[in-house]
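Everything below concerns the one structure shown next.
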Amino acid sequence: MVKIEQILSKAVSPARYAGGEFNVYPHKKDAALQFLLCFPDAYEIGMSSLGLKILYGLLNERADTSCELCFAPLPDMGELMQKNNIELFSLSTRKPAKQFDIIGFSLSYELCYTNIPYMLHLARIPLYAEKRGEDFPILLAGGVCTVNPAPFAPFFDIIAIGDGEEVLAELADTYTANKKAGGSKRTFLEKAAKIKGIYVPNIGVKQGVIQRAVVEDLDNAFYPVKVPVANTEAVHNRAMLELFRGCARGCRFCQASFISRPVRHRSPQKLLTLAQGLIRETGYEEMSLSALSACDYPHLSELLQGLKPLVQKAGVRLSLPSTRVDSFKISLSDYAMRKASLTFAPEAGTQRLRDIIKKNISEEDILSAAAAAFKQGYTAVKLYFMIGLPYETEQDTDGIAELVKKIKSLYKQHASNRKPLKLSVSASTFVPKPFTPFQWEKQIPHAEILRIQAKLKNALKPLGVKLSAHNAGASKIEALLARGGQNLAAVIEDVYSGGGKFDGWTEYFDYARWQNSLAKFNLDAETATGEIPAANPLAWDNINVGITKDFLQKELARARAVL
């Protein structure tokens with residue numbers, strides 16, 4: 001029988017599968033609950049997930065639980081595993097996935113859905129919950145995508161909605177108590193269905209509307225400082241310090257802003273304690289201040305003053321994620337120290353469209369922030385925009401290039417050094433997402449996405465700026481899956497059967513494959529991503545994240561009032 005060690009050298013980047021990461025918890029073979037935490041994407045992406053690290057640490061801190069990690073093998077490794085009769089295995093002990101009690105999938109991106117059947121096929125576990133008896137693990141889904149669980153609900157025994165820390169702890173308690181009492185899988189699922197934030201879609205238990213789980217006190221919530229450090233370069237190779245959850249801004253396209261309410265802050269004292277632990281336990285050379293809008297943290301100045309001596313002593317850089325231009329403070333660079341690049345997200349090219357989407361910033365805000373950055377020594381700026389936003393016109397698209405031109409001109413006036421400006425522009429395509437005011441709006445047709453992308457590329461070319469644009473077909477399928485119903489489960493299965501996996505990767509995504517599978521079930525991507533009448537039922541009506549339809553419809557009316 002071929003062993004895993006014998007095929008690793010044949011895989012691209014064997015470190016993805018070798019195990020032995022720094023800071024992994026020792027396996028507790030006698031623990032009552034053996035939990036496998038799966039991320040349905042590549043190792044280097046999953047190892048950058050803060051949510052995954054929080055849940056991994058939380059579960060392993062329990063005396064009755066042992067948790068291991070598992071990532072989707074890249075296609076080359078997947079082929080080697082199938083050819084050599086090797087099942088999907090855990091990272092640390094290389095135990096076959098189907099020998100665990102619970103397998104949890106963290107779903108953070110719709111285009112990872114085809115990796116669910118891919119990983120279960122490698123694990124030799126039936127895809128549909130109704131085909132799995134007592135001998136198979138319980139399958140659990142969590143992550144931001146669970147606010148509309150319909151497309152993947154037939155695959156899972158349990159779906160967790162909302163923050164995972166408290167609900168996962170209660171779920172573990174329920175499992176271990178049921179196991180001690182000799183209860184069946186069905187008995188456990190019936191008990192799990194009574195936990196707030198838990199949806200059990202496939203056992204016929206009437207649950208009504210599922211209330212999202214919310215961690216209200218972040219200061220006393222579990223947060224790991226001893227986190228696994230990747231063996232190979234991760235997408236985000238840094239420590240992450242989560243300042244707060246939620247966002248009060250309410251940009252009308254932004255799902256995260258609505259499904260993570262209310263805003264909950266960690267105290268600066270708690271954050272400084274966590275920062276000390278992360279520096280001590282990880283060895284990372286960079287620490288990112290993590291939040292939906294980090295500069296909105298009300299105690300940012302106090303926190304930065306406390307962090308400065310800590311990071312300077314340890315030789316650690318501070319960094320900020322994408323920064324709101326109206327929150328950019330000149331003093332930040334005194335603490336962040338990383339002046340190579342700054343990221344702003346104007347989202348739209350004109351004030352009219354920014355007002356429609358409730359991006360409450362003006363062109364003056366944008367230009368003032370850019371000028372301040374250039375004076376501080378920043379020589380690279382990344383600008384994020386969206387195309388295809390509701391009520392977008394040709395003038396709005398033209399406005400993107402005009403804004404870029406003005407920013408380039410500002411650099412010549414305010415640059416504190418003579419280095420050339422590195423200006424990059426990214427344009428994603430608007431995707432109508434559940435629990436946003438724009439959830440009823442259409443996504444523009446595939447051909448229109450391509451036309452606008454080409455127009456914008458041509459407008460930026462004379463300015464010496466390249467456009468980074470998201471794959472048009474991938475955006476279309478993302479919208480389809482974001483708002484889809486349970487009829488899409490069969491489509492996901494069919495796409496995988498036809499060779500689809502790692503659809504979030506440009507080199508593996510095939511729009512024609514999706515179109516062919518949809519056609520088999522008499523479905524069409526353009527129709528499915530069109531406008532939804534306000535009176536129509538929605539696939540996610542059984543989920544309550546704390547935002548009412550009435551509120552969202554009023555917000556949509558306010559957006560239309562700008563026209």
Next on the checklist: Quick check for you: to the nearest 0.5 Å, what is the distance between L518 atom CG and D524 atom CG?
Outcome noted: 7.5 Å
Checklist entry - Can you check ring pair (Phe, Tyr, Trp, His ring centres under 6.0 Å) on Y25 and Y56, steps first, answer last? => result CA-CA 9 Å; Y25 283 79; Y56 172 78; 5.6 Å; yes
Next on the checklist: If you compare all heavy atoms of C145 against all heavy atoms of Y109, which two are closest, and at what distance to 0.1 Å?
Outcome noted: SG-N, 3.3 Å
Checklist entry - Under 3.5 Å, side chain of T146 to main-chain N/O of G143, donor-acceptor pair present? => result yes
Checklist entry - Where do A72 and P40 come nearest, in terms of heavy atoms and distance? => result CB-C, 4.0 Å
Item to check | Expected output: side-chain N471 to main-chain G473 donor-acceptor under 3.5 Å | outcome: yes
Checklist entry - Looking at N231 and G20, what are the two nearest heavy atoms and their distance? => result OD1-O, 4.1 Å
Checklist entry - Is there a side-chain contact between K433 and V144, using heavy atoms and a 4.5 Å cut-off? => result no
Item to check | 4.5 Å side-chain heavy-atom contact, L37 and L55 | outcome: yes
Item to check | Test applied, side-chain hydrogen bond (donor to acceptor under 3.5 Å, both in side chains); reference residue, Q34; option that passes from E68, K28, H27 | outcome: H27
Item to check | Note, F244 side chain near V263 side chain (heavy atom, < 4.5 Å) | outcome: yes
Checklist entry - Are any side-chain N or O atoms of N148 and backbone N or O atoms of G484, one a donor and one an acceptor, separated by less than 3.5 Å? => result yes
Checklist entry - Would the F258 and F435 ring centres measure less than 6.0 Å apart? => result no
Item to check | Residues E61 and K226 bridged, charged N to O under 4.0 Å | outcome: no
Item to check | Minimum heavy-atom distance between I492 and P151, given as atom pair plus value | outcome: CD1-O, 3.7 Å
Checklist entry - Does any N or O in the side chain of S49 come within less than 3.5 Å of the main-chain N or O of I45, such that one atom is a donor and the other an acceptor? => result no
Next on the checklist: Could you walk me through whether K29 and K95 satisfy the side chain to side chain contact (heavy atoms under 4.5 Å, CB included) test, starting with their C-alpha distance in whole Å, then the side-chain angles of each, then the deciding distance to 0.1 Å, before giving a yes or no?
Outcome noted: CA-CA 11 Å; K29 66 178 181 178; K95 185 165 75 172; over 6 Å; no
Checklist entry - Centroid-to-centroid, F152 to F105, below 6.0 Å? => result no
Checklist entry - Within the distance-only criterion (no hydrogens, no angle test), does the side chain of R212 pair as donor or acceptor with the backbone N or O of G162 below 3.5 angstrom? => result no
Item to check | salt bridge (Lys or Arg N to Asp or Glu O under 4.0 Å) between E21 and K53, worked out | outcome: CA-CA 13 Å; E21 284 76 12; K53 292 176 179 179; over 6 Å; no
Next on the checklist: Evaluate R16 against D76 for salt bridge (Lys or Arg N to Asp or Glu O under 4.0 Å), listing each step before the verdict.
Outcome noted: CA-CA 12 Å; R16 291 176 172 135; D76 69 297; 5.2 Å; no
Checklist entry - CG of N536: more than 12 outside heavy atoms within 6.0 angstrom? => result yes
Checklist entry - Would you call L69 and S92 a side-chain contact if the rule is heavy atoms closer than 4.5 Å? => result no
Checklist entry - Below 4.5 Å, heavy atoms only, C-beta onward: do C112 and F39 meet side chain to side chain? => result no
Next on the checklist: Please determine whether side chain to side chain contact (heavy atoms under 4.5 Å, CB included) holds for the pair L74 and Y508, giving the CA-CA distance in whole Å, both sets of side-chain angles, and the decisive distance to 0.1 Å.
Outcome noted: CA-CA 10 Å; L74 268 289; Y508 299 122; 3.9 Å; yes
Item to check | salt bridge (charged side-chain N to carboxylate O under 4.0 Å, His left out) partner of D173, chosen from K191, R62, K179, K180 | outcome: R62
Next on the checklist: Let me confirm one number: the CG-CZ distance from D503 to F509, rounded to the nearest 0.5 Å.
Outcome noted: 6.0 Å
Next on the checklist: Given 3.5 Å as the limit, does a donor-acceptor pair link the side chain of Q207 with the main chain of A193, or not?
Outcome noted: yes
Next on the checklist: I need the T176 OG1 to D64 CG distance, nearest 0.5 Å.
Outcome noted: 4.5 Å
Next on the checklist: If you apply the rule side chain to side chain contact (heavy atoms under 4.5 Å, CB included), what do you find for Y496 with Y113, and how did you get there?
Outcome noted: CA-CA 9 Å; Y496 167 66; Y113 290 177; over 6 Å; no
Item to check | Inter-residue atom distance L241.CG - K270.NZ, 0.5 Å rounding | outcome: 11.0 Å
Item to check | Full working for side chain to side chain donor-acceptor pair (under 3.5 Å) between H470 and T429 | outcome: CA-CA 7 Å; H470 196 245; T429 301; 5.8 Å; no
Checklist entry - Which atoms form the tightest heavy-atom contact between A160 and V167, and what is the distance? => result CB-CG1, 4.5 Å
Checklist entry - Of all residues at least two apart in sequence or in a different chain, which pass the salt bridge (charged side-chain N to carboxylate O under 4.0 Å, His left out) check with E555? => result R252, K358, R558
Checklist entry - Step by step, would you call E5 with R94 a salt bridge (Lys or Arg N to Asp or Glu O under 4.0 Å)? => result CA-CA 10 Å; E5 293 86 348; R94 298 178 182 169; 2.8 Å; yes
Next on the checklist: Go through it in stages, so that I can follow the logic: the residues are R483 and E441, the test is salt bridge (Lys or Arg N to Asp or Glu O under 4.0 Å), and I'd like the CA-CA distance, side-chain angles, deciding distance and then a yes or no.
Outcome noted: CA-CA 11 Å; R483 300 193 308 183; E441 295 290 345; over 6 Å; no
Next on the checklist: Atom CD of residue position E134 - does it have more than 12 heavy atoms of other residues, nucleotides or ligands inside 6.0 Å?
Outcome noted: yes
Checklist entry - So, does S257 use its side chain to make a donor-acceptor pair with the main chain of C254 at under 3.5 Å? => result no
Item to check | Student check: side-chain heavy atoms of L140 and L168 closer than 4.5 Å | outcome: yes
Checklist entry - Closest heavy-atom contact between Q439 and L538? => result NE2-CD1, 3.6 Å
Checklist outcome for this item: Contacts satisfying ring pair (Phe, Tyr, Trp, His ring centres under 6.0 Å) that involve residues 186-226 (not counting sequence neighbours) are Y175-F188
Checklist entry - Roughly how far, to the nearest 0.5 Å, is the SG atom of C70 from the CG atom of L36? => result 5.0 Å
Checklist entry - Are the side chain of Q443 and the backbone of F430 linked by a donor-acceptor contact shorter than 3.5 Å? => result yes
Next on the checklist: Less than 4.5 Å apart, side chain to side chain, heavy atoms only: is that true for L480 and V491?
Outcome noted: no
Next on the checklist: Could you go through V229 and Y284, starting from their C-alpha distance and side-chain angles, then the distance that decides it, and tell me whether this counts as side chain to side chain contact (heavy atoms under 4.5 Å, CB included)?
Outcome noted: CA-CA 9 Å; V229 178; Y284 281 120; 4.0 Å; yes
Item to check | Passing option when E526 is tested against K476, H446, K442 for side-chain hydrogen bond (donor to acceptor under 3.5 Å, both in side chains) | outcome: K476
Next on the checklist: Can a donor-acceptor pair be found, under 3.5 Å and without considering hydrogens, that links the side chain of K549 to the backbone of D541?
Outcome noted: no
Checklist entry - Do the side chain of R261 and the main chain of V545 share a donor and acceptor less than 3.5 angstrom apart? => result no
Item to check | Residue pair N487 / L523, side-chain heavy-atom distance below 4.5 Å | outcome: yes
Next on the checklist: Return the CD to CD1 distance between Q255 and I547, rounded to the nearest 0.5 Å.
Outcome noted: 11.5 Å
